[in-house]
Amino acid sequence: MKLLVVGGGGREHAIIRALRKNPAVEDIFALPGNAGMADDATCVNIGAKDIPAIVEFAVANKIDYAVVAPDDPLVLGCVDALEEKGIPCFGPRANAAIIEGSKVFSKNLMKKYGIPTAAYEVFSDMTAALAYLDNAPIPTVIKADGLALGKGVIIAQTREEAKAAVRSMMEDKMFGTSGDNIVIEEFLTGPEVSVLAFTDGESLVPMVSSMDHKRAGDNDTGLNTGGMGTVAPNPYYTDAVAAECMEKIFLPTVGAMNAEGRTFKGCLYFGLMLTPNGPKVIEYNCRFGDPETQVVLPLLESDLLTVMQATTNGTLKDVDVCFASKHACCVITASAGYPASYGKGYPIAMTEEAKAHTYVAGAADKDGVLVTAGGRVTGTTAIADSLEDAIREAYRLADGVQFENAYRRSDIGQRALAAKQ
Ligand code: AMP
Ligand code: GLY
């Protein structure tokens, strides 16, 4: 079989390695991929948002199955366009990807169908938003409606900060048209859990839970990033919590999307907060998380391609989706300065041992040498019988990845470890 994976980061590298385990897979093309995954896939220089070029490539190369991994192409209708040409895909169509593409849509969906989430108001008028903030409870959370590279959420500790956030989104257009509409919502507290789930629009099968580390600095300080590391499973996500989420959040979401005529197929990502009043949805994503995927898929014992195809064919209830009863930890090595400005073009050295456990996110080829080309450069994952061992081993392996200006958080997994004890 010939497969195509749209995207080019660590998440896509982890998906590609998992797909490779199926003996029927001959070729995997990554569009665009990156030079660090060239041993595992044929990278083709077509951007993940260039849908006409992606479709043309898929048709010309007789692709048997396509996986569209990032949010942008999903929201832009990449799956719709490939399916129109008869190419089966993993991922939601645009009318369902809106669950991530518009926070106003997802908040209104949850309100309409009684799915627990933070109380909120929607504004399209800046004066009204500013007036509302005069009396809103503080801290408060301001969210741009559309996609904003994971940066469209501001937690304001004071009224002034909240108003400045509204102005930057609605007046200064910090996130372009993504800020034309905004959501102002209740500040929630509690541990966060990421749950990725396979769904064919009828059945839903949650994957092993995980915990992201979104802030750039140790002890959750500094700016929000795409994620600096992950562990799985998440110790806060007990069997009782899982059962409650299935009943009150996961199945109702699948049902709500069907009732709206927006059947969701693919990976539905639930960003949850376990509040004193029960689990609530912080956000939905229409795709695998990054770097959640880098701990979740290494624990998957079933064949990924088979499960993905079952979500496309509507046969998910007939396939096994099993995860190892082990622990995984992924440590991101980033360019110092990320998520603000950082240097690029530094040669990356990796021991063979580290390379086998590392997913490459931000790298390029420069005259035959692998060099840094992004904020998050690599993610190194270890699997072990205990969380403690997985963390220790992930850091030991990550030490085998070196480049000038490399930066890692030193406390990935420590909060999970403390929760277990
Ligand atoms: P998001 O991009 O929606 O995942 O938001 C980024 C981060 O902001 C989340 O991972 C939470 O840590 C935090 N956050 C978002 N919404 C809320 C909320 N209503 N209350 C408290 N924290 C929030
Ligand atoms: N790691 C968070 C995300 O993928 O959105």
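Order of listing sets the numbers, starting from 1, for every ligand and every atom in it. Every value quoted in this text rests on a predicted model; they were computed, and no experiment measured them. Residue indices begin at 1 and follow the sequence shown.
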Novice: Between Lys143, Glu283, Glu192, which one has a non-hydrogen atom sitting closest to atom 1 (P) of ligand 1?
Specialist: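 Result: the heavy atom closest to atom 1 (P) of ligand 1 is in Glu283.
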Novice: If you count the atoms of ligand 2 from 1 in the order shown, which ones are under 4.0 Å from a heavy atom of Asn285?
Specialist: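 Listed by number with element: 5 (O).
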Novice: Could you tell me whether Arg215 approaches ligand 1 through its side chain, its backbone, both or neither, with non-hydrogen atoms closer than 4.0 Å?
Specialist: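 The answer is neither.
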Novice: Among all protein heavy atoms, pick the one closest to atom 17 (C) of ligand 1 and tell me residue, atom and distance.
Specialist: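 Answer for atom 17 (C) of ligand 1: Ile282 CD1, 3.6 Å.
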Novice: Identify whether the distance between the nearest side-chain nitrogen and carboxylate oxygen of Asp180 and Lys173 falls below 4.0 Å.
Specialist: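 Judged by the 4.0 Å cut-off on N to carboxylate O distance, Asp180 and Lys173 do form a salt bridge.
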Novice: At less than 4.0 angstrom from any non-hydrogen atom of Phe187, what atoms of ligand 1 do you find?
Specialist: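 By the 4.0 Å cutoff, the relevant atoms are 20 (N), 21 (C).
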Novice: If the threshold is 4.0 Å, N to carboxylate O, is there a salt bridge linking Asp39 and Arg17?
Specialist: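 Looking at Asp39 and Arg17, the cut-off is not met.
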Novice: For ligand 2, is Gly289 a contact, meaning one of its heavy atoms is under 4.0 Å away?
Specialist: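 Within the 4.0 Å threshold, so yes.
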Novice: I'd like to check whether Asp290 has a polar contact with ligand 2, where a contact means an N/O of the residue lying under 3.5 Å from an N/O of the ligand.
Specialist: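 Yes, at least one N or O pair falls under 3.5 Å.
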Novice: Applying a heavy-atom cut-off of 4.0 Å, say which part of Ile155 lies close to ligand 1: side chain, backbone, both or neither.
Specialist: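 It is the side chain that gets close, since no backbone atom is under 4.0 Å.
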Novice: Counting heavy atoms only, which of Glu185, Lys103, Lys280 comes nearest to atom 19 (N) of ligand 1?
Specialist: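 The residue whose heavy atom sits nearest atom 19 (N) of ligand 1 is Glu185.
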Novice: Establish, yes or no, whether a centroid distance under 6.0 Å links the rings of Tyr338 and Tyr407.
Specialist: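 Judged by ring-centre distance (under 6.0 Å), Tyr338 and Tyr407 do not meet the cut-off.
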Novice: Have a look at ligand 2 and work out which part of Thr230, if any, has a heavy atom under 4.0 Å from it: side chain, backbone, both or neither.
Specialist: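 Neither part.
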Novice: Check contact between Phe288 and ligand 2, using heavy atoms of the residue and a distance below 4.0 angstrom.
Specialist: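 Phe288: no contact with ligand 2 (<4.0 Å).
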Novice: Within the 4.0 Å heavy-atom shell around Asp212, which atoms of ligand 2 are there?
Specialist: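 Atoms satisfying the 4.0 Å criterion: 1 (N), 2 (C).
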Novice: Can you figure out which of Glu292, Glu283, Met228, Arg287 has its heavy atom closest to atom 5 (O) of ligand 2?
Specialist: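 Considering heavy atoms of Glu292, Glu283, Met228, Arg287, the nearest to atom 5 (O) of ligand 2 sits in Arg287.
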Novice: Looking at Lys103, Lys143, Lys111, which hits salt bridge (charged side-chain N to carboxylate O under 4.0 Å, His left out) with Glu185?
Specialist: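 The option that passes is Lys143.
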Novice: Please check if any side-chain donor atom of Thr117 sits under 3.5 Å from a side-chain acceptor atom of Lys107, or the reverse.
Specialist: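 Checked: Thr117/Lys107 side chains pair up, N/O donor to acceptor below 3.5 Å.
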Novice: Taking Gln294's backbone N and O only, do any of them form a donor-acceptor pair with Tyr359's side chain (distance below 3.5 Å, no angle check)?
Specialist: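 No, Tyr359 side chain to Gln294 backbone: no donor-acceptor pair under 3.5 Å.
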Novice: If the cut-off is 4.0 Å to any non-hydrogen atom of Lys214, which atoms of ligand 1 fall inside it?
Specialist: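 Going through ligand 1 atom by atom, the ones under 4.0 Å from Lys214 are 4 (O), 10 (O).
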Novice: If you measure from each non-hydrogen atom of Leu188 to ligand 1, which part falls under 4.0 Å: side chain, backbone, both or neither?
Specialist: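 Near ligand 1, Leu188 shows its backbone as well as its side chain.
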Novice: Salt-bridge test for Arg287 and Asp72: reply yes if a basic N is under 4.0 Å from a carboxylate O, no otherwise.
Specialist: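 Looking at Asp72 together with Arg287, the answer is no, because their closest N to O distance does not fall below 4.0 Å.
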Novice: So is Gly226 polar-close to ligand 2, meaning N/O to N/O under 3.5 Å?
Specialist: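 Yes, Gly226 has an N/O under 3.5 Å of an N/O on ligand 2.
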Novice: Scan Glu353, Met350, Arg392 and name whichever one has a side chain to side chain contact (heavy atoms under 4.5 Å, CB included) with Leu397.
Specialist: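 Result for side chain to side chain contact (heavy atoms under 4.5 Å, CB included) with Leu397: Glu353.
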Novice: Considering only NZ, NE, NH1 and NH2 on the basic side and carboxylate oxygens on the acidic side, decide whether Asp134 and Lys163 come within less than 4.0 Å.
Specialist: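 Between Lys163 and Asp134 there is a salt bridge, with a charged N closer than 4.0 Å to a carboxylate O.
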Novice: Within a distance under 4.0 Å of any heavy atom of Val153, pick out the atoms of ligand 1 and give their elements.
Specialist: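 So the atoms of ligand 1 that pass are 1 (P), 2 (O), 3 (O), 5 (O), 8 (O), 15 (C).
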Novice: With the threshold set at 4.0 Å, does a side-chain nitrogen-carboxylate oxygen contact exist between Glu301 and Lys326?
Specialist: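 Between Lys326 and Glu301 there is no salt bridge, as every charged N stays at least 4.0 Å from the carboxylate O atoms.
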Novice: In this structure, which one of Val183, Val166, Val153 forms a side chain to side chain contact (heavy atoms under 4.5 Å, CB included) with Ile142?
Specialist: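 Running side chain to side chain contact (heavy atoms under 4.5 Å, CB included) over Val183, Val166, Val153 with Ile142 returns exactly one hit, Val166.
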